[in-house]
Amino acid sequence: AVLGCALLLPVVLGEECPSPCSCWSLGAAWGTRVDCSSRGLRSLPALPRLTRSLHLHNNSLASVPAGALDSLGHLQELQVWDNPWHCDCHILYLKLWLQDFSAPALARLRCASPAHLRMKPLAQLTGNDLGVCARLLPTKCLQFFWRDLLLVAGVVITLILVAWALKFSKKLVCQLTLGSRRLRRSILKTR
């Protein structure tokens, strides 16, 4: 009975509950349930890092800022349906994030705008649907991209050098082998 009462207490462990939302502690080891549903939200509030269950459905969210959900490492449940999603470059982060997090949650989302994408499932969006996106990823992702690109280039250059060295060493071994045979023949002839 004590545990049941503790689950209903609107307390967040060491973190502030966003003002338009309601939060309940699920216990120190379990994190927080954050209910921001049906609050008329137009933007995502700052969420507690230990959010385990997040309800954002039935709001006025058109997109989610790139990187906004990345810090929610304890998240296990997310409800984001019934929002007027605007399907342009800004929706790409949410689509990709949901592909990794929850395919069923992604399957429930539909575009509200622009008109030519109205009611199209977010999961079925392609690059052609989004148009030209100048900057698809947050700056942190771009930094990792360039770092990874440099690492891949370094590995490719290293492999090319190793292949060249092996080819050169085989040629050198062949020349040494032929040279030592000639040397043996000349020694045998002089005896």
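Numbers here are sequence positions counted from 1. The basis for the numbers below is simple: all heavy atoms, side chains too, and nothing from hydrogens, waters or symmetry mates.
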For this session: Evaluate the side chain to side chain contact (heavy atoms under 4.5 Å, CB included) criterion for residues L94 and S63: first the C-alpha distance (whole Å), next the side-chain angles of each, then the deciding distance (0.1 Å), finally the verdict.
Result: CA-CA 7 Å; L94 180 63; S63 67; over 6 Å; no
I need the [X] [atom1] to [Y] [atom2] distance, nearest 0.5 Å.
X: E77; Y: H55; atom1: CD; atom2: NE2; value: 4.0 Å
X: L69; Y: L54; atom1: CG; atom2: CG; value: 7.5 Å
X: R52; Y: H74; atom1: CZ; atom2: NE2; value: 7.0 Å
X: Q124; Y: C87; atom1: CD; atom2: SG; value: 11.5 Å

Closer than 3.5 angstrom, by distance alone: can the side chain of [X] be matched with the main-chain N or O of [Y] as a donor-acceptor pair?
X: T51; Y: S53; value: no
X: N59; Y: N83; value: no
X: N58; Y: S37; value: no
X: R42; Y: S60; value: no

Heavy atoms only: give me the nearest [X]-[Y] pair and the separation to one decimal.
X: V64; Y: Y93; value: O-CD2, 3.8 Å
X: C21; Y: V34; value: CB-CG1, 4.1 Å
X: L26; Y: T32; value: CD1-C, 4.1 Å
X: L44; Y: P65; value: CB-CD, 4.4 Å

Problem set entry | Test side chain to side chain contact (heavy atoms under 4.5 Å, CB included) applied to S22 and R39, step by step | CA-CA 10 Å; S22 299; R39 309 292 163 104; 3.4 Å; yes
Problem set entry | Same apolar cluster: I157 and L149, side chain cutoff 4.5 Å |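 No, separate clusters.
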Donor-acceptor contacts, no H, no angles, side chain residues 97-114, under 3.5 Å, sequence neighbours left out:
| from | atom 1 | to | atom 2 | distance (Å) |
| --- | --- | --- | --- | --- |
| S102 | OG | A105 | N | 3.1 |
| S113 | OG | H86 | ND1 | 2.6 |

For this session: Take N128 and T126 through the side-chain hydrogen bond (donor to acceptor under 3.5 Å, both in side chains) test and state the conclusion after the steps.
Result: CA-CA 5 Å; N128 292 336; T126 65; 4.6 Å; no
Exercise. Going by heavy atoms in the side chains, are P18 and L47 under 4.5 Å from each other?
Worked result: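 Touching, per the 4.5 Å side-chain cut-off.
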For this session: Kindly check if the number of other-residue, nucleotide or ligand heavy atoms within 6.0 Å of NE2 (H57) is above 12?
Result: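 Enclosed: over 12 neighbouring heavy atoms sit under 6.0 Å from NE2 of H57.
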Exercise. Take atom CH2 in W81; do more than 12 heavy atoms of anything else shown fall under 6.0 Å from it?
Worked result: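 Counting neighbours around CH2 of W81, more than 12 heavy atoms of other residues, nucleotides or ligands fall under 6.0 Å, so yes.
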For this session: Kindly determine whether C36 and L56 satisfy side chain to side chain contact (heavy atoms under 4.5 Å, CB included), including the steps that lead there.
Result: CA-CA 5 Å; C36 300; L56 293 167; 3.7 Å; yes
Problem set entry | Test side chain to side chain contact (heavy atoms under 4.5 Å, CB included) applied to W85 and L117, step by step | CA-CA 10 Å; W85 300 112; L117 296 176; over 6 Å; no
